[in-house]
Protein chains: 2
Amino acid sequence: MNTKEKILSKAIVLFADKGYSGLSMRMLATAVNMSVASIYHHFPDKDALYLEAVSYAFSGKELIFSQVWESDSTPVEKLGKFVRSLIDVITLDPDFHRLMQREIMEADAERMQLLAQGVFQKQFSLLMQLARELAPELDAHLVATSIIGLVKHYLDNKPLHRHFPGWKPEHEQLEVIAEHITTLLLNGLNIPQVRQ
Amino acid sequence: MNTKEKILSKAIVLFADKGYSGLSMRMLATAVNMSVASIYHHFPDKDALYLEAVSYAFSGKELIFSQVWESDSTPVEKLGKFVRSLIDVITLDPDFHRLMQREIMEADAERMQLLAQGVFQKQFSLLMQLARELAPELDAHLVATSIIGLVKHYLDNKPLHRHFPGWKPEHEQLEVIAEHITTLLLNGLNIPQVRQ
DNA sequence: GTCTATATGGCGATAGAC
DNA sequence: GTCTATCGCCATATAGAC
């Protein structure tokens, strides 16, 4: 890993944690044990550094779901695998996830399009195709959105829900979340289930 | 509306838009046509101002759902009303919603508890009770979370989903969203539906 | 490619007049 | 309760030596 990549990977963590305006070049320089001027040798300005960090965080994320789509499972099995994979991606790389959350909240239309097409589009298309197989009578875009929404909400709001009535530690176990969501979805999509 | 409230309501808008570190006291002062020093007459420091703005944004939000719970509707009707009310609250006060999003992302454990208990707990409890009536065999906490998650995800990610395949303008119509979600949920909760 | 030193300006916050 | 003026610090960014 060269110097530039070293800076970028630290920047991902710190931008994810503090946001664009919350992280100063001084802080980043200290974190990577360099002077501010040295960072400016690699990037023209803070904005370019931020954008490069976001793209860098993307790289490789597309391949994680390949096991879901390439397997010759039934659509119902694929749904279970997708839910589980999405939970894993979000859980295993929390910095990537937080950076995405911030981008979705703060990006302008141009950056949003980059985000949609560069990172998520392929997976969303494949998920829509699965949605069509599972529930041909429903709007595939809305169904795909619902699947992602259910998973993301659980994970995004975990620290909040801990303080809600009825919360149990097991609600944070990934298997419990995954099973609840798939059950809800399979019923919601009108698919008869076989008891395991 | 007195001076303090004038400052707070402007602060809500600007904090929601730019975040804590993204909004400077100078900017806020300009926005409310005052000097920075005058603002410091009403608030001890920026942090206290932010916290007061967050509490101020909360006020009155609890009462919006009363029509849902006080009506003598059936549980199924109540679910529809709740989904619609949640969509309305989020849509009609986007600044409140963005401020909440930022709080959920950035607050520490103490602030998170305040948020959960001070703002959302009562509504969440009532929603859990409804969940128990709708689907006694499922975990009410998880069901309530799912209902909120479906609604919130659609609205939080609207600007992103516009760039996804299969998107249609009608996907942003509140009625379309509300109907899709309730349909999905009623199936998901195993409740037989009557065709309208 | 890295550093020290520095320019320039915005930051949170305060003093003290009116 | 509002203002002007100011403090001390940190921000982004650059110049130029090694």
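As the structure is a computational prediction, the values presented were derived from the model and not from experiment. First the proteins, then the strands, lettered A, B, ... as listed; each starts at 1.
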Rounding to a whole Å, what distance do you find between [X]:[atom1] and [N]:[atom2]?
X       : N      : atom1 : atom2 : answer
A/Ile39 : C/dC3  : CD1   : C1'   : 13 Å
A/Asp45 : D/dA11 : CG    : P     : 17 Å
B/Asn2  : D/dG1  : CG    : P     : 9 Å
A/Tyr50 : D/dT12 : OH    : P     : 15 Å
A/Ile7  : C/dG1  : CD1   : P     : 11 Å
B/Asn33 : D/dT2  : CG    : P     : 12 Å
A/Met27 : D/dT12 : CE    : P     : 8 Å
B/Tyr40 : D/dT4  : OH    : P     : 17 Å

Without swapping roles, check the side chain of [X] against the backbone of [Y] for a donor-acceptor pair under 3.5 Å.
X        : Y        : answer
A/His153 : A/Leu150 : no
A/Arg111 : A/Ile104 : no
A/Ser38  : A/Met34  : no

Please state whether the phosphate of [N], meaning OP1 or OP2, lies under 4.0 angstrom from any side-chain nitrogen or oxygen of [X].
X       : N      : value
A/Ser38 : C/dG1  : no
A/Arg26 : D/dA11 : yes
A/His41 : C/dC3  : no

Counting heavy atoms from C-beta on, name the nucleotide in [options] closest to the side chain of [X].
X       : options               : answer
B/His42 : C/dG1, D/dG1, C/dC3   : D/dG1
B/Ser35 : D/dC3, C/dC3, D/dT14  : D/dC3
B/Ala37 : C/dT14, C/dA13, C/dC3 : C/dT14
B/Met34 : D/dC3, D/dA13, C/dA13 : D/dC3

Problem set entry | Aromatic B/Tyr56 / basic B/Lys4 pairing, under 6.0 angstrom, 45° off normal |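 So B/Lys4 doesn't make the cation-pi contact.
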Problem set entry | Axial cation check for A/Tyr20 ring with A/Lys46, 6.0 Å and 45° limits |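 Output yes; distance and angle both within limits.
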Exercise. So, are A/Glu172 and A/Arg162 salt-bridged, with charged N and O less than 4.0 Å apart?
Worked result: yes
For this session: Using a cut-off of strictly less than 4.0 Å between a heavy atom of the residue and any atom of DNA chain D, enumerate the qualifying residues of residues 15-25 of chain A by number.
Result: A/Leu23, A/Ser24, A/Met25
Exercise. Would you say the side-chain atoms of B/Ser73 and B/Lys81 include a donor-acceptor pair closer than 3.5 Å?
Worked result: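 Per modelled atom types, B/Ser73 and B/Lys81 side chains form a pair under 3.5 Å.
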